[in-house]
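The structure under discussion appears below in the form of structure tokens.
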Amino acid sequence: MSNNDFFTVTYKVLSYLKWCYENGKSPDVDILNADTFNISKVQFGNTLKMLKDHGYIDGVSITRTLNGTLVIAISNASITVEGLQYLAENSMMKKAYNVLKEVKDWLPGF
């Protein structure tokens, strides 16, 4: 998995918004942007749209102009309960995977 695939970017965006929530900060547009994640503006906009459509984030506006340019407004972005749950579940799955991988390393025939 590359560091700019959908799931990696999703995890990073949600983790950043979780940090903002826990620290009472508003998202910094200099951090929450395509360049930070080394992806195109289109991929970033599409990722935010999917996260919003699935209820993981709120306060984000993504519109496409007549010429196809994406306009992304994220100044009020925040993580939702669903987004927090996504992070928790994926963190648990990653831990379970790592434990299974460790077990596989020392159990013969596993």
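In what follows, every heavy atom counts, from backbone to side chain, and hydrogens, waters and symmetry copies are set aside. What you see is a predicted model; the values in this text were computed from it and never measured.
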- Message: Nearest 0.5 Å, please: how far is OH in Tyr16 from CG in Leu32?
- Response: 6.5 Å
- Distance-minimising heavy-atom pair for Asn33 and Asp35: OD1-N, 2.9 Å
- Message: If I take atom CG from residue Asn38 and atom CD from residue Gln43, how far apart are they, to the nearest 0.5 angstrom?
- Response: 9.5 Å
- Message: I'd like to check Val9 versus Asp5 (side-chain heavy atoms, cut-off strictly below 4.5 Å). Are they in contact?
- Response: no
- Query: How about Leu17 and Pro27: do any of their side-chain heavy atoms sit closer than 4.5 Å?
  - Reply: yes
- Note on the structure: To the nearest 0.5 Å, atom OG of Ser61 lies from atom CD1 of Ile72 at 9.5 Å
- Check Asn46 against Arg64 and note the closest heavy-atom contact, atom names and distance. OD1-NH2, 3.9 Å
- Could you go step by step and tell me if Ser78 and Ile57 meet the side chain to side chain contact (heavy atoms under 4.5 Å, CB included) rule? CA-CA 6 Å; Ser78 62; Ile57 62 174; over 6 Å; no
- Item | Short side-chain to backbone donor-acceptor contact, Lys52 and Asp58, under 3.5 Å | no
- Message: Check the orientation of Phe44 and Phe37. Use parallel for under 30°, tilted for 30 to 60°, and perpendicular for over 60°.
- Response: parallel
- Query: Between Met50 and Phe6, what is the shortest heavy-atom contact and its length?
  - Reply: CE-CE1, 3.7 Å
- Minimal heavy-atom distance between Leu84 and Lys18, with the atoms involved, is CD2-CG, 3.7 Å
- Task: Working to the nearest 0.5 Å, report the span between SG of Cys20 and CG of Asp28.
- Result: 8.0 Å
- Test item: Thr8 and Thr10 side chains (from C-beta on) under 4.5 Å apart, heavy atoms: no
- Note on the structure: In this structure, CG of Leu48 is separated from CD1 of Ile62 (nearest 0.5 Å) by 5.0 Å
- Find out whether Lys25 and Trp19 are in side-chain contact, i.e. whether some heavy atom of one side chain is under 4.5 Å from a heavy atom of the other. yes
- Item | Taking every non-hydrogen atom, the tightest pair across Leu14 and Gly83 | CD1-O, 4.1 Å
- Pairwise distance CD(Gln85) to CD1(Ile79) - rounded to 0.5 angstrom: 11.0 Å
- Query: Considering residues, nucleotides and ligands other than Tyr21, do more than 12 of their heavy atoms fall under 6.0 Å from its OH?
  - Reply: no
